[in-house]
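As a basis for the values below, the full set of heavy atoms in this structure was taken, side chains included, without hydrogen atoms, waters or symmetry mates. Just so you know, ligand 1 is whichever comes first in the structure, and atom 1 is the first atom listed for that ligand.
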Amino acid sequence: MVRPAPLPEIPLGHDRPPAPFSLPDNFQLGTATASLQIEGGDRNNSWFRWCERGRIKDGSHCLRACDHWNRVAADIELQKALGVTAYRMSLEWSRIEPREGTFDEEAIALYREELTALRKAGITPMVTLHHFSNPLWLEDSGGWTAASIVDRFGRYTARVAETLGDLVDHWVTINEPNVYLAFGYLFGEWPPGKRSPSAYFTGARRVAAAHEEAYRLIHAISDARGQHPMVGIAHHLRVYDPATPERPDKRAAARLQRLFQDIFLDRTVPFSDFIGVNYYSRDIVARSANPFTAFTRRSVKADRRVNDLGWEIYPEGLSRICTQLGQRYTLPLVITENGIADAGDTLRSRYLYDHLREVADLVSSGADIRGYFHWSLMDNFEWLEGESARFGLYAVDYETQQRTLRRSGEFYQAICRDRGVTRKSIREYLE
Ligand code: FCB
């Protein structure tokens with residue numbers, strides 16, 4: 001892989017006036033979703049149980065979600081209407097392997113249909129194997145801290161690569177292992193609800209081993225077919241900035257970065273063909289920050305704009321992260337998620353513009369960034385926040401399952417059409 005050229009200092013600041021920019025022809029523009037958040041209808045996974053236990057803040061249930069399982073064709077039409085060239089989706093392990101060692105050919109066939117239809121529509125799929133949800137049999141027999149996860153994840157991966165791999169050139173093995181393990185094993189807020197630092201660190205080791213195994217298997221199975229896919233992890237990366245320039249605050253920020261990000265990157269980058277960057281926000285860290293709560297309780301600078309969930313809007317952070325990754329590692333980057341909870345759709349167009357412009361600037365200064373996936377195609381079941389957090393380019397009415405393109409969705413449509421932002425779309429969507 002070619003190491004990205006060192007990047008010049010770029011004047012940053014989301015308050016700079018919008019100017020046109022364009023993206024290279026081969027740059028992928030897409031949207032991202034996750035199976036549990038959109039499919040609905042599955043009772044065999046860890047989040048189903050979590051919902052049954054009343055753990056979702058607004059009382060909603062992942063059994064409903066966007067009913068995507070029954071609306072695959074219509075949801076591909078939504079993407080065609082946007083004009084995207086790529087789509088990041090995930091597979092639900094509990095549907096594919098409902099009981100340990102038993103694979104459901106019908107579920108696999110439905111995913112095959114979806115992937116085939118996407119490709120036919122000119123939309124390149126990027127497929128995630130694990131996005132926060134587990135089959136119940138796995139959850140109840142050790143989950144991600146048991147040594148058995150490596151073989152189990154390997155067996156599932158191999159079956160998927162054998163049955164669907166001919167349709168997939170871009171794989172994400174595991175989505176945001178840091179978020180998954182922190183919320184599920186350290187803070188106890190997500191299934192399986194554990195609160196154990198040692199489980200978190202064991203989980204981190206298992207994730208690295210399971211990823212390595214999946215990486216090896218996907219390549220071995222694809223090589224035999226003469227196919228050469230890209231395999232990576234979608235990492236949740238935030239900027240951790242110290243509350244003051246003083247040493248103790250700086251140390252606290254560096255500690256969080258190490259604990260929640262670097263240990264995952266360092267262990268998995270050697271077995272990756274790209275680094276997936278899921279970027280949303282930054283955290284301000286004071287010396288008093290407790291690592292075991294800091295990840296959940298965000299601290300935001302007083303004068304900054306925030307999204308509906310209180311996350312700071314900080315587009316420069318995306319450049320800072322990509323620049324750091326370019327300096328530390330030699331892999332191409334893909335922005336595998338970026339988006340905003342904004343029910344009123346008053347901030348999303350500007351958010352989209354500011355973040356994509358950071359990416360465009362980096363690309364034009366030589367950074368190897370291959371694509372941008374907006375989170376999300378449509379509103380969906382946002383974990384503990386349920387249906388209340390609205391991240392979609394399409395608004396979803398959960399009662400009728402009607403999808404309606406938001407104004408910011410029209411803006412993304414224009415970006416996909418123009419392969420960048422023109423003066424006309426600035427006038428139309430940002431002024
Ligand atoms: C990311 C998750 C994704 C979604 C967005 C808002 O951390 O990967 O599933 O919840 O946040």
Side-chain angles (χ1 to χ4, degrees), residues 30-40 45-47 50-51 55-58 60 62 65-66 68 87-93 126-134 144 171-184 186-187 189-191 207 232-240 260-261 264 275-283 295-296 298 306-314 317-318 321 334-343 345 347-348 351-352 355 372-396 408:
T31 64
T33 61
S35 50
L36 191 282
Q37 294 180 270
I38 62 169
E39 286 179 352
N45 71 72
S46 47
W47 277 89
W50 213 239
C51 295
R55 300 297 296 260
I56 310 306
K57 292 183 195 163
D58 65 356
S60 57
C62 63
C66 306
H68 171 74
Y87 176 52
R88 178 171 170 238
M89 58 179 272
S90 75
L91 307 177
E92 196 55 44
W93 188 349
M126 172 180 269
V127 172
T128 303
L129 290 162
H130 185 271
H131 195 127
F132 298 162
S133 55
N134 290 326
W144 281 81
W171 296 95
V172 169
T173 55
I174 302 165
N175 180 69
E176 299 190 348
N178 57 344
V179 170
Y180 171 64
L181 293 172
F183 280 84
L186 185 57
F187 310 138
E189 295 191 7
W190 288 9
V207 155
I233 285 185
H235 293 272
H236 180 93
L237 300 175
R238 300 181 187 180
V239 169
Y240 288 108
F260 291 117
Q261 305 193 161
F264 293 91
I275 300 177
V277 178
N278 291 2
Y279 175 76
Y280 290 88
S281 182
R282 91 166 144 181
D283 288 355
F295 202 53
T296 43
R298 284 165 186 272
V306 295
N307 75 5
D308 289 349
L309 297 173
W311 306 355
E312 179 184 346
I313 299 173
Y314 182 59
L318 184 52
I321 282 171
V334 177
I335 312 305
T336 35
E337 286 182 28
N338 171 244
I340 178 168
D342 177 25
D345 201 37
L347 302 173
R348 188 174 289 100
Y351 181 98
L352 190 48
H355 287 77
Y372 172 91
F373 292 81
H374 191 76
W375 185 274
S376 181
L377 171 64
M378 55 189 160
D379 294 338
N380 56 48
F381 180 81
E382 175 55 28
W383 314 112
L384 288 190
E385 309 297 330
E387 293 172 355
S388 63
R390 304 267 174 175
F391 278 91
L393 294 170
Y394 285 89
V396 172
S408 54

- Message: Please list the nearest protein heavy atom to atom 5 (C) of ligand 1 with its residue and the distance rounded to 0.1 Å.
- Response: Tyr280 OH, 3.2 Å
- Item | Sub-4.5 Å side-chain heavy-atom contact between Trp311 and Ile340 | no
- Give a yes/no verdict on a cation-pi contact between Arg282 and Tyr314, requiring under 6.0 Å between NZ or CZ and the six-membered ring centre and an angle within 45° of the axis. yes
- Query: Does an N or O anywhere in Glu382 fall below 3.5 Å from an N or O of ligand 1?
  - Reply: yes
- Message: Test your reading of the model: is there a side-chain donor-acceptor pair from Tyr87 to the backbone of Gly30, 3.5 Å cut-off?
- Response: no
- Query: Going by the atom numbers of ligand 1, which of them fall below 4.0 Å from some non-hydrogen atom of Trp383?
  - Reply: 3 (C), 4 (C), 9 (O), 10 (O)
- Query: Do the side chains of Val277 and Leu318 get nearer than 4.5 Å, heavy atoms only?
  - Reply: yes
- Ignoring hydrogens and angles, tell me if any N or O in the side chain of Asn178 forms a donor-acceptor pair with the backbone of Gln261 under 3.5 Å. no
- Under 3.5 Å, N or O to N or O, is Trp375 touching ligand 1 that way? no
- Item | Atoms of ligand 1 close to His236 [distance to a heavy atom under 4.0 angstrom, numbered from 1] | 7 (O)
- 4.0 Å heavy-atom contact, Asn175 with ligand 1: yes
- Query: Which of these, His236, Glu176, His235, sits in a side-chain hydrogen bond (donor to acceptor under 3.5 Å, both in side chains) with Asn278?
  - Reply: Glu176
- Item | Heavy atom of the protein closest to atom 7 (O) of ligand 1 (residue, atom name, distance) | Glu176 OE1, 2.6 Å
- For ligand 1, which atoms, with element, lie under 4.0 Å from some heavy atom of Phe391? 6 (C)
- Message: Can you report which non-hydrogen protein atom sits closest to atom 3 (C) of ligand 1, along with the distance?
- Response: Glu337 OE1, 3.4 Å
- Message: Donor-acceptor pair, distance only, cut-off 3.5 Å: does the side chain of Trp47 make one with the backbone of Phe132?
- Response: yes
